[in-house]
Number of protein chains: 2
Amino acid sequence: MNSRALTIGHLARETGTKVETIRFYEKSGLLPAPARTEGNYRSYDRAHLNRLSFVRRARDLGFSLDQVRALLALSDDRDQSCAAVDAIAKEHRSEVERKIADLQSLKKELDRMIDHCGCGVVADCRIIESLSPDGRT
Amino acid sequence: MNSRALTIGHLARETGTKVETIRFYEKSGLLPAPARTEGNYRSYDRAHLNRLSFVRRARDLGFSLDQVRALLALSDDRDQSCAAVDAIAKEHRSEVERKIADLQSLKKELDRMIDHCGCGVVADCRIIESLSPDGRT
DNA sequence: TCTTGACCCTATAGTCACTACAGACTGTAG
DNA sequence: CTACAGTCTGTAGTGACTATAGGGTCAAGA
């Protein structure tokens, strides 16, 4: 194996990804299948490393694998307008905003439930009560 | 089937749950297996309806099925201290708080990416750039 | 009585994004 | 030569459902 070739383990350490996940990305078409050594080990280069870093960064930002696939396809087509990229990012941002709003109203309900808990017996528990069909607040 | 007995379809409509989900809850031990009619249809009563409503409400509040199982067990034991219930709710609340914080910092990054997008060509796209390994901002 | 159509049954597989095995092979250091 | 770390393929498991296939049941209308 030449000096610039990377094993799957190297790639994993460099990118903070599990080995299984890299193989999973390959099977899912996010990473191209690399060359193999004589012993049938995967042999990666810098381009693979860059591509995997891109995938990981996008995943960290919460893009779905489908969105990552789309972003990769777009990033490969350097002359295309970047409006499509912008659209994916904005769609994702509004999903995130919606989730934040949902979780905030959820938290308010949990706060209310917990504040009312006198911590006596379950029979008088306001948390259980507010979960039950006839005690909605 | 007597007048107070409910089919799975009734239960589904009353609680806004899909029929398949009710069967799934039964298989998962969240709902007791109901009596069957001669034709092998599930036959539910008010107690089932209440229990399913409890489950749905707890799920709406984001409790996991495991947490719901625990809450159900506790709610059945009316004489026990409600401290355990309080603990589950509080644990869940801190999970929710953590998720909100995570999503908020995520949103900030997305905002920054999107704000910088000049919407020209992909080659100059700041979104793609900030996803790529050597353009981390 | 027959038929239509809504409803129900079980069992199985698919979703998402991995993660965890089992069982075998390869490569390297002592 | 032997240990042991690393890699290979393939399969199954996670959570919380959802969807489908291939059947059976029930009530109403012709």
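All chains are named by letter (A, B, ...) in the order of the sequence lines, taking the proteins before the strands, and each is independently numbered beginning at 1. Because the structure is a prediction, the values reported are computed rather than measured.
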Trainee: Let me know, please, whether B:His10 or A:Ser64 comes out on the 5' side of the other along DNA chain C by nearest nucleotide.
Mentor: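 Of the two residues, B:His10 wins.
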
Trainee: Rounded to whole Å, how long is the line connecting atom CG of A:Leu52 with atom C1' of C:dC18?
Mentor: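 In whole Å, C:dC18 C1' and A:Leu52 CG are 14 Å from each other.
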
Trainee: Should we say atom CZ of B:Arg46 is surrounded by more than 12 heavy atoms from elsewhere, each under 6.0 Å from it?
Mentor: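 Counting other residues, nucleotides and ligands, CZ of B:Arg46 stays at 12 neighbours or fewer.
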
Trainee: Is the distance from OP1 or OP2 of D:dC8 to the nearest side-chain N or O of A:Arg42 less than 4.0 Å?
Mentor: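 For D:dC8, OP1/OP2 do have a side-chain N/O of A:Arg42 under 4.0 Å.
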
Trainee: Touch check for A:Ser28, heavy atoms < 4.0 angstrom, all strands: base, sugar-phosphate only, or nothing?
Mentor: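 Result for A:Ser28 = nothing.
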
Trainee: Between A:Arg51 and A:Asp76, is there a side-chain N and carboxylate O pair less than 4.0 Å apart?
Mentor: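 Salt bridge flag = yes for A:Asp76 with A:Arg51.
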
Trainee: Would you say the side chain of B:Thr7 lies within less than 4.5 Å of the side chain of B:Arg42, judging by non-hydrogen atoms?
Mentor: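 No - every pair of side-chain heavy atoms lies 4.5 Å or more apart.
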
Trainee: In whole Å, I'd like the distance from the CD atom of B:Glu20 to the C1' atom of C:dA13.
Mentor: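 So the two atoms are 14 Å apart, to the nearest Å.
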
Trainee: Within this structure, what is the CD1-to-P distance between B:Ile22 and D:dT18, rounded to whole angstrom?
Mentor: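 Atom CD1 in B:Ile22 sits about 12 Å away from atom P in D:dT18.
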
Trainee: With the threshold set at 4.0 Å, does a side-chain nitrogen-carboxylate oxygen contact exist between B:Arg126 and B:Glu129?
Mentor: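 Yes, B:Arg126 and B:Glu129 are salt-bridged.
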
Trainee: Does B:Arg36 put a side-chain nitrogen or oxygen below 4.0 Å from OP1 or OP2 of C:dT10?
Mentor: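 True: B:Arg36 side-chain N/O within range (under 4.0 Å) of C:dT10 OP1/OP2.
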
Trainee: Mapping B:Gly39 and B:Leu65 to their closest nucleotides on DNA chain D, which lands nearer the 5' end?
Mentor: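 Result of the comparison: B:Leu65.
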
Trainee: Between P on D:dA16 and CG on B:Leu31, what's the gap in Å once rounded to a whole number?
Mentor: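 Spelled out: CG on B:Leu31 to P on D:dA16 is 15 Å.
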
Trainee: Just the rounded figure in Å: distance from P of C:dC7 to OH of B:Tyr44.
Mentor: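 Rounding to the nearest Å, OH of B:Tyr44 and P of C:dC7 are 16 Å apart.
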
Trainee: Looking only at side-chain atoms of A:Arg56, point me to the closest of C:dC18, D:dT7, D:dA16.
Mentor: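 When the side chain of A:Arg56 is considered, C:dC18 is the closest of C:dC18, D:dT7, D:dA16.
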
Trainee: OP1, OP2 of D:dA16 versus side-chain N and O of B:Thr21: anything below 4.0 Å?
Mentor: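 Looking at the OP1 and OP2 atoms of D:dA16, neither is under 4.0 Å from any side-chain N or O of B:Thr21.
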
Trainee: Closest heavy-atom contact between B:Ala84 and B:Gln80?
Mentor: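 In terms of heavy atoms, the two residues are closest at CB-NE2, 4.4 Å.
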
Trainee: Whole-Å distance between D:dA27 P and B:Glu38 CD?
Mentor: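 Going from CD in B:Glu38 over to P in D:dA27 covers 11 Å.
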
Trainee: Check B:Arg57 with A:Glu109, please: is the shortest side-chain N to carboxylate O separation under 4.0 Å?
Mentor: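 A salt bridge links A:Glu109 with B:Arg57.
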
Trainee: Taking 4.0 Å as the cut-off, does a side-chain nitrogen or oxygen of B:Arg13 come that near to OP1 or OP2 on C:dA6?
Mentor: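 Result: no.
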
Trainee: Nearest-nucleotide wise, let me know which of A:Tyr25 and A:Asn40 is further upstream toward the 5' end of DNA chain C.
Mentor: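 Checking each residue's closest nucleotide, the 5'-ward one belongs to A:Tyr25.
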
Trainee: Starting from P on D:dC8, measure out to NZ on A:Lys27 and report it in whole angstrom.
Mentor: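 Taking NZ of A:Lys27 and P of D:dC8, I get 13 Å after rounding.
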
Trainee: For C:dA20, does OP1 or OP2 lie under 4.0 Å from any side-chain N or O of A:Lys18?
Mentor: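 Indeed, a polar side-chain atom of A:Lys18 lies that close.
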
Trainee: Roughly, in whole Å, what's the span from CG in B:Asp66 to P in D:dC17?
Mentor: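 Roughly 12 Å, once rounded to whole Å.
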
Trainee: Within less than 4.0 Å of OP1 or OP2 of C:dC9, is there a side-chain N or O belonging to B:Arg23?
Mentor: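 Result: yes.
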
Trainee: Whether A:Thr7 contacts D:dG6 is assessed here as follows: a side-chain N or O lying under 4.0 Å from the phosphate OP1 or OP2. Is that the case?
Mentor: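 No, no such contact exists.
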
Trainee: Nearest to the B:Tyr41 side chain among D:dC26, C:dC18, D:dC8, which nucleotide is it?
Mentor: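 Nearest listed nucleotide: D:dC26.
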
Trainee: Side chain of A:Phe24, heavy atoms from C-beta onward: which of C:dA17, C:dC9, C:dT12 has the nearest atom to it?
Mentor: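 Minimum distance to the A:Phe24 side chain belongs to C:dA17.
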
Trainee: Under 4.0 Å between a side-chain N/O of A:Arg59 and OP1 or OP2 of C:dC18, yes or no?
Mentor: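 Yes, A:Arg59 has a side-chain N/O under 4.0 Å of OP1/OP2 on C:dC18.
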
